[in-house]
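Take a look at the structure below.
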Amino acid sequence: MSNTTTPPPETTPASPYGTLPPASLPASRKPLSLPRLADMHARGEKISMLTAYDATFAAMADAAGIDCLLVGDSLGMVCQGLNSTVGVSLDAMRYHTDSVSRGLRRVQGTAWLIADLPFGSYQESREQALRSATVLMQAGAHMVKLEGGGWTTETVRFLVERGIPVCAHLGLTPQTVHALGGYRVQGKGDAGALLKQQAHALQDAGATMLVLEMVPAALAAELTAELKHCATIGIGAGKGTAGQVLVLHDMLGINLGKMPKFVRNFMADAPGVLPALEAYVQAVKDGSFPDDQLHAW
């Protein structure tokens, strides 16, 4: 009889605090893509979008069924403690986009990933916008978002022609909040005609998504019906848009400042973060959020 003994099996050390679990089983849904988002838009299925700034929350939001994750320059206020988004750098956006992208890859996530072009990274020229967009796409973004209408139209066209999907943003544009005179509703009265003109121009230039922030619900609904090839994503724009977006921390009720009117705290009735995220997705999909009487103008 041999005196050799079988060595004890190797044990896997406990995961360090804060790391993600191993990659999950193959995803139950196909990865979101521009054609799939266009199909959802055409069928009238609401598109759910939420901001994300790190790997763990990105993985959790994906597990909850979020369609689109936005690495928003709102990270300036949420993560960095700034008073506005104006101070956010392109390098900060690259860092957080990379973190969110890695979180999705770790769990074989399927969400469509959008990243904000920060203030000062695209205003100088179309070429500057291309260089900045390249940084974010190489960090893992599937699409970039930029704010404003008018002069941005040719920038959008320039990027789209070079294979970079673009989400536009009209209404309250936080990067120019000082020029707008504060965080106030945009597109009221005669100003609505200009906003509609800019939206159509952005669609014609190739933008396939359009965030409408703090614009009257009736105007947002009209635009949504008119824009056949550009899905509107509302935030404080009523329930008539093709989809909704909120800042993650707002919808979890952990905003450091005053909670905006258009926010619903989904943690209030949920036993945990994942159920709150799932409730948000369900409410967007079934049209119960937002409530125009509570969350719109």
Q. Is His295 reaching over with its side chain to a backbone N or O of Asp291, donor-acceptor style, under 3.5 angstrom?
A. yes
Q.
Check this for me: Tyr183, atom OH, are more than 12 non-hydrogen atoms of other residues, nucleotides or ligands nearer than 6.0 Å?
A. yes
Q: Search all heavy atoms of His96 against all heavy atoms of Cys79 and return the closest pair with its distance.
A: CE1-SG, 4.3 Å
Q | Ser125 (side chain) donor-acceptor with Gln128 (main chain) under 3.5 angstrom | A | yes
**Q.** Exercise: identify the closest heavy-atom pair between Ala59 and Val107
**A.** CB-CG2, 3.7 Å
Q) Looking at OG of Ser101 and CZ of Arg94, how far apart are the two atoms once the value is rounded to the nearest 0.5 Å? A) 12.0 Å
Q | side-chain hydrogen bond (donor to acceptor under 3.5 Å, both in side chains) contacts touching residues 44-53 (sequence neighbours left out) | A | Arg43-Glu45, Glu45-Lys285, Ser48-Asp67, Thr51-Tyr53, Tyr53-Ser74
(Q) Tell me whether Ile66 shares a hydrophobic cluster with Ile254, the cluster being built from Ile, Leu, Val, Met, Phe, Trp, Tyr side chains joined at under 4.5 Å. (A) yes
Q. Does some side-chain heavy atom of Ile114 sit less than 4.5 Å from a side-chain heavy atom of Val71?
A. no
Q.
Check this for me: does any side-chain nitrogen of one of Lys145 and Asp116 sit under 4.0 Å from a carboxylate oxygen of the other?
A. yes
**Q.** Spacing of CD1 belonging to Ile164 relative to CE belonging to Met137, to within rounding of 0.5 Å
**A.** 5.5 Å
Q | Atom of Ala276, atom of Leu252 and distance for their closest heavy-atom approach | A | CB-CD2, 4.0 Å
Q. Hey, is the main chain of Thr173 close enough, under 3.5 Å, to the side chain of Thr176 for a donor-acceptor pair?
A. yes
**Q.** Spacing of CG belonging to Leu172 relative to CD1 belonging to Ile235, to within rounding of 0.5 Å
**A.** 9.0 Å
Q. Hey, does the side chain of Lys261 reach the backbone of Ala296 with a donor-acceptor pair shorter than 3.5 angstrom?
A. yes
(Q) Between Asp62 and Thr110 (side chain of the first, backbone of the second, donor and acceptor by atom type, cut-off under 3.5 Å), is there such a pair? (A) yes
Q.
Before you tell me yes or no, could you show the steps for Ile233 and Leu212 under side-chain contact (heavy atoms from CB on, under 4.5 Å), namely the whole-Å CA-CA distance, both residues' side-chain angles and the distance that decides it to 0.1 Å?
A. CA-CA 6 Å; Ile233 307 296; Leu212 294 174; over 6 Å; no
Q. What pair of heavy atoms forms the shortest contact from Ala111 to Leu104, and how long is it?
A. O-CD1, 4.2 Å
Q: Kindly work out whether a path of hydrophobic side-chain contacts (I/L/V/M/F/W/Y, heavy atoms less than 4.5 Å apart) joins Met251 to Leu274.
A: yes
Q. Do Trp151 and Val211 belong to the same hydrophobic cluster, where Ile, Leu, Val, Met, Phe, Trp and Tyr are linked whenever their side-chain heavy atoms lie under 4.5 Å apart, directly or via other members?
A. yes
(Q) Ignoring hydrogens, what is the shortest heavy-atom contact between Glu147 and Asp73? Give both atom names and the distance. (A) OE2-OD2, 4.3 Å
Q.
Donor-acceptor pair, distance only, cut-off 3.5 Å: does the side chain of Lys258 make one with the backbone of Asn255?
A. no
Q. Can any side-chain N or O of Arg131 pair as donor or acceptor with the backbone N or O of Ser121 at less than 3.5 Å?
A. no
Q: Take Leu227 and Leu210 through the side-chain contact (heavy atoms from CB on, under 4.5 Å) test and state the conclusion after the steps.
A: CA-CA 10 Å; Leu227 299 175; Leu210 170 63; 3.8 Å; yes
Q.
Leu113 vs Met143, test: side-chain contact (heavy atoms from CB on, under 4.5 Å). Steps then yes/no.
A. CA-CA 7 Å; Leu113 181 54; Met143 169 182 267; over 6 Å; no
Q. If you round to the nearest 0.5 Å, how far is CG of Leu146 from CG of Leu202?
A. 8.0 Å
Q | Asp286 CG: over 12 foreign heavy atoms closer than 6.0 Å | A | yes
Q: First locate atom CE of Met60, then atom CG of Asp54, and finally report the distance between them rounded to the nearest 0.5 Å.
A: 9.5 Å
**Q.** Close side-chain approach of Leu82 and Val88, heavy atoms under 4.5 Å
**A.** yes
Q. Do Pro290 and Gln244 touch side chain to side chain, with heavy atoms closer than 4.5 Å?
A. yes
Q) Does any non-hydrogen side-chain atom of Ser132 lie less than 4.5 Å from one of Val135? A) no
Q) To the nearest 0.5 Å, what is the distance between NZ (Lys196) and CD (Glu226)? A) 3.5 Å
Q: Would you check if Thr153 and Phe158 make a side-chain contact, meaning some heavy-atom pair closer than 4.5 Å?
A: no
Q | Flag, side chain of Glu213 to backbone of Gly236, donor-acceptor distance under 3.5 Å | A | no
Q.
Assess the residue pair Trp297 and Asp292 against the criterion (side-chain contact (heavy atoms from CB on, under 4.5 Å)); give the C-alpha distance rounded to whole Å, side-chain angles, the decisive distance to 0.1 Å, and a yes or no.
A. CA-CA 7 Å; Trp297 287 268; Asp292 284 358; over 6 Å; no
Q: Report yes or no: do Thr152 and Thr155 form a side-chain donor-acceptor pair below 3.5 Å?
A: no
Q) Shortest non-hydrogen contact from Lys188 to Pro216? A) CG-CG, 4.2 Å
Q) Do Gln123 side-chain atoms and Gly120 backbone N/O form a donor-acceptor pair below 3.5 Å? A) yes
Q.
Quick check: is Val78 connected to Phe119 through a chain of hydrophobic side chains (ILVMFWY, heavy atoms under 4.5 Å apart)?
A. no
Q: Decide whether Val185 and Leu219 are clustered together by the hydrophobic rule: side chain heavy atoms of Ile, Leu, Val, Met, Phe, Trp, Tyr closer than 4.5 Å, transitively.
A: yes
(Q) Holding to ring-ring contact (aromatic ring centres under 6.0 Å, His included), I want the full list of residues that pass it with Phe266, two or more places apart in sequence or in another chain. (A) Tyr280, Phe289
(Q) Counting C-beta onward and ignoring hydrogens, is there a side-chain heavy-atom pair between Tyr122 and Val144 closer than 4.5 Å? (A) no
Q.
For Leu180, run the side chain to side chain contact (heavy atoms under 4.5 Å, CB included) check against Gln186, Met214, Gln175 and tell me which one passes.
A. Gln186
Q) Any side-chain heavy atom of Gln80 within less than 4.5 Å of one from Ser89? A) no
Q.
What verdict does the side-chain hydrogen bond (donor to acceptor under 3.5 Å, both in side chains) test give for Thr224 and Thr232, after you've listed the backbone C-alpha separation in whole Å, the side-chain angles of each residue and the deciding distance to 0.1 Å?
A. CA-CA 6 Å; Thr224 300; Thr232 58; 2.7 Å; yes
Q: May I ask you to test the Cys68-Leu32 pair for a side-chain heavy-atom distance under 4.5 Å?
A: no
